[in-house]
Number of protein chains: 2
Amino acid sequence: MAVHVLAVLAYKEGDRVTSALLAGSVNTNPVIIRRLLLALQRAKLVETCKGAGLGSRLNRSPGRINLAEIYRAVENSEPFATPSRKPNAACPVGNCIRETLDRVFASAQEALERDLEKTTLAAVIGEVKAAGACGRKKVG
Amino acid sequence: MAVHVLAVLAYKEGDRVTSALLAGSVNTNPVIIRRLLLALQRAKLVETCKGAGLGSRLNRSPGRINLAEIYRAVENSEPFATPSRKPNAACPVGNCIRETLDRVFASAQEALERDLEKTTLAAVIGEVKAAGACGRKKVG
DNA sequence: ACAAATGTAATGACGACAGTTACATTTTTT
DNA sequence: AAAAAATGTAACTGTCGTCATTACATTTGT
């Protein structure tokens, strides 16, 4: 959803876009979009202004935004679940395995993010435009 | 939790272990463990038998089990959420972006799994044992 | 025959997240 | 100055996935 929103903003590069229009494109509620935009603002990916005729726009060119940044801006929880209950204190495995797995999972997540870094928002838009036979001209 | 269970089974290599004992180590309910074991059986990672004095054991040596296999055995849903609602049909971005992102996400997930492949269950156990100062001798 | 163990169904509790409504606040436009 | 447009934010609901619990049928060894 975040990529979708940023892609629409990239289409309208320079112009400000309202959350209502973005919500129309994603087919959801404007409040959902605004909550998403807050996260993207914190990551300095978009700039948003209140007021009549205003809205949001990209803060950087699409070629300078990669999907790992979007992932980090939006995804707050770890991809690997860690059990809620504490392990049995009398079991050496349960006592020590957590920190070992934390290292392994951190490495795996880094690998994932490094792969996402290879794709820019501009590249996504390029593919969407190339496959553009399926759409009309109007964005929003 | 799956890695934890398999690690305990590796500790008791050869011996059969009951779901009740495994549940004690993870500090959860035996039924949870049994459901987990079903997935690990499907992946041919463990062998389980019903009956008095029976239980589960590893089907392969810990050096021949890597974390990617465990991940695939247990994790059924995609790590990236795809929106439930259909996008606005009048928006070319919404129409085409899904398949582009599917490719990108599949690549990222492959990168993650390739990283997990580099760690074997034996390696995890080795680290746990090396940090063994924190535990007692009894497993289970 | 009995005990021990798994397989499985039904149900509940809980958290994460999308969604919705409502409203205060800010800024442009007129 | 007033109105309109837009965001920021709070409160609440619904849904979904997962862990948890209880209960019971089934299988297998002693």
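Note: hydrogens, waters and symmetry copies are ignored here, and every other heavy atom, side chains too, is used. Note on naming: letters A, B, ... go to the chains in the order of the sequence lines (proteins, then strands), and numbering restarts at 1 for each one.
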Heavy-atom closest contact (B/A7 atom, A/V93 atom, distance):
CB-CG1, 3.8 Å

Between A/A20 and B/E75, the residue closer to the 5' end of DNA chain D by nearest nucleotide is A/A20

Kindly compute the distance separating CG (A/L101) from NE2 (B/H4), expressed to the nearest 0.5 Å.
9.5 Å

For A/N27 and C/dA18, what is the distance between atoms CG and P respectively, to the nearest whole Å?
15 Å

Could you work out which one of C/dA9, C/dT21, D/dT18 sits closest to the side chain of B/N76?
D/dT18

Check the distance between C/dT6's P and B/L22's CG and give it to me in whole angstrom.
8 Å

From the set D/dT9, C/dG7, C/dT20, return the single nucleotide nearest to any side-chain atom of A/R34.
D/dT9

Just call it for A/L37: base, sugar-phosphate, or nothing, with non-hydrogen atoms closer than 4.0 Å on any strand.
nothing

First encountered from the 5' end of DNA chain C, between A/M1 and B/Q41:
B/Q41

Using a strict 4.0 Å threshold on nitrogen-to-oxygen distance, state whether B/K118 and B/E113 make a salt bridge.
no

Within the 4.0 Å heavy-atom criterion, would you say B/S56 contacts the bases, only the backbone, or no part of the nucleic acid?
nothing

Gap separating the CG atom of B/L21 from the CZ atom of B/R16, nearest 0.5 angstrom:
14.5 Å

Position toward the 5' end of DNA chain C (nearest nucleotide), A/I32 or A/G53:
A/I32

Does the side chain of A/T18 get closer than 4.0 angstrom to OP1 or OP2 of D/dA6 through an N or O atom?
no

Rounded distance in Å - CD1 (B/I33) to C1' (C/dG7):
15 Å

Looking at B/R103 and B/E99, does any basic side-chain N land under 4.0 Å from a carboxylate oxygen?
no

Below 4.0 Å: OP1/OP2 of D/dC19 and any side-chain N or O of B/T28
no

Separation of D/dT26 atom C1' from B/L38 atom CG, nearest Å, is 14 Å

Provide a list of protein-nucleic acid N or O atom pairs under 3.5 angstrom, restricted to nucleotides 24-27 of chain C.
{"residue": "C/dT27", "atom": "O2", "partner": "A/A52", "partner atom": "N", "Å": "3.4"}

Would you kindly give the CG-to-P distance between A/N29 and D/dT7, to the nearest whole Å?
12 Å

Rounded distance in Å - CZ (B/R16) to C1' (C/dA4)
14 Å

Tell me whether A/E47 is salt-bridged to A/R60, with the criterion being a basic N under 4.0 Å from an acidic carboxylate O.
no

Interatomic distance, A/L6 atom CG to A/S56 atom OG [nearest 0.5 angstrom]
10.0 Å

Just compare D/dA11, D/dC19, C/dG7 and give me whichever is closest to any side-chain atom of A/R35.
D/dA11

Heavy-atom donor-acceptor pair, B/D115 side chain to A/A108 backbone, under 3.5 Å
yes

Find the distance B/L40:CG to C/dG7:P and express it as a whole number of Å.
11 Å

Sidechain N-carboxylate O distance under 4.0 Å for B/E69, B/R64:
no

The helix from C/dA1-D/dT30 to C/dT30-D/dA1: angle between its terminal axes, five pairs each, to 10°?
10°

Nearest-0.5 Å distance that lies between atom CG in B/L58 and atom CG in B/D15:
11.0 Å

